[in-house]
Colleague: 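My structure is below; once you've seen it, I'll send some questions.
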Amino acid sequence: MLPVPPRTKRQLVLLNPNDPSDPSAGYAPLGSPEDVEDALAPYNTARDGSGGTSSGTIFFHGPGIVVEIPRGHDTIQQALITVIEADIAFPVLMKLCRGNAWKLQDVESGQMFG
């Protein structure tokens with residue numbers, strides 16, 4: 001029997017481009033923490049009910065992902081997404097991006113998609 005390779009977590013940054021076709025146009029805020037929470041909700045992504053904070057971070061859990069935003073800010077510029085189960089996460093992330101005109105950037109490669 002072959003050994004099962006360990007699952008690797010992938011980190012992505014969720015961004016709101018001013019012009020999705022022009023990466024040099026910069027980025028707009030994602031919105032307030034409440035706006036971000038409302039935008040995640042239709043994609044089965046929400047706080048886990050335990051308070052969801054640590055070190056000034058608010059955590060949202062969704063299908064195969066954990067989304068982190070900073071606590072104590074009126075405007076959220078970006079969110080960090082940790083992909084735990086890629087097969088489950090990516091269809092949801094693509095719908096999230098299309099539904100909100102957002103983009104994802106891979107932390108390691110810098111590749112933009114969504």
Colleague: Holding to side chain to side chain contact (heavy atoms under 4.5 Å, CB included), I want the full list of residues that pass it with Asn100, two or more places apart in sequence or in another chain.
Modeller: Ala39, Tyr43, Leu96, Trp102

Colleague: Residues two or more places apart in sequence or in another chain: which of them pass side chain to side chain contact (heavy atoms under 4.5 Å, CB included) with Pro63?
Modeller: Asn44, Thr45, Ile88, Val92

Colleague: Under a 4.5 Å cut-off applied to non-hydrogen side-chain atoms, are Ile81 and Val66 in contact?
Modeller: no

Colleague: With Gln11, which residues qualify under side chain to side chain donor-acceptor pair (under 3.5 Å), at least two apart?
Modeller: Thr82

Colleague: Let me confirm one number: the CD1-CD1 distance from Ile69 to Ile76, rounded to the nearest 0.5 Å.
Modeller: 4.5 Å

Colleague: Tell me whether Gln105 contacts the main-chain N or O of Gly110 through its side chain, where contact means a donor paired with an acceptor under 3.5 Å.
Modeller: yes

Colleague: Which residues pass the side chain to side chain contact (heavy atoms under 4.5 Å, CB included) test with Ala89, not counting sequence neighbours?
Modeller: Ile65, Val83, Leu93

Colleague: Starting from Val107, can I reach Val67 by hopping between I/L/V/M/F/W/Y residues whose side chains sit under 4.5 Å apart?
Modeller: no

Colleague: What distance separates Leu40 CG from His61 NE2, expressed to the nearest 0.5 Å?
Modeller: 12.0 Å

Colleague: Who pairs with Asp38 by salt bridge (charged side-chain N to carboxylate O under 4.0 Å, His left out), at least two apart in sequence or on another chain?
Modeller: none

Colleague: Keeping to residues at least two apart or across chains, list the salt bridge (charged side-chain N to carboxylate O under 4.0 Å, His left out) pairs with something in residues 93-104.
Modeller: none

Colleague: Hey, could you give me the OG1/CG distance between Thr75 and Leu30, rounded to the nearest 0.5 Å?
Modeller: 10.0 Å

Colleague: Does Glu68 have any salt bridge (charged side-chain N to carboxylate O under 4.0 Å, His left out) partners at least two apart in sequence or in another chain, and if so, which?
Modeller: none

Colleague: Return each pair, listed once, that meets side-chain hydrogen bond (donor to acceptor under 3.5 Å, both in side chains) where at least one residue sits in residues 18-32; pairs must be two or more places apart or across chains.
Modeller: Asp19-Ser21, Asp22-Ser24, Ser32-Glu34, Ser32-Asp35

Colleague: Measure the shortest side-chain to side-chain distance between Glu37 and Ile58 over non-hydrogen atoms and say whether it is less than 4.5 angstrom.
Modeller: no

Colleague: Using the test side chain to side chain contact (heavy atoms under 4.5 Å, CB included), find all partners of Ala46 that sit at least two apart in sequence or belong to another chain.
Modeller: none

Colleague: So, for Ala101 and Pro17, which heavy atoms are closest and what is the spacing to 0.1 Å?
Modeller: O-CD, 3.7 Å

Colleague: List the steps and the verdict of side chain to side chain contact (heavy atoms under 4.5 Å, CB included) for Leu104 and Leu14.
Modeller: CA-CA 5 Å; Leu104 293 165; Leu14 186 62; 3.6 Å; yes

Colleague: Would Phe113 end up clustered with Leu80 when hydrophobic side chains under 4.5 Å apart are linked, directly or stepwise?
Modeller: no

Colleague: Return each pair, listed once, that meets salt bridge (charged side-chain N to carboxylate O under 4.0 Å, His left out) where at least one residue sits in residues 105-114; pairs must be two or more places apart or across chains.
Modeller: Arg10-Asp106

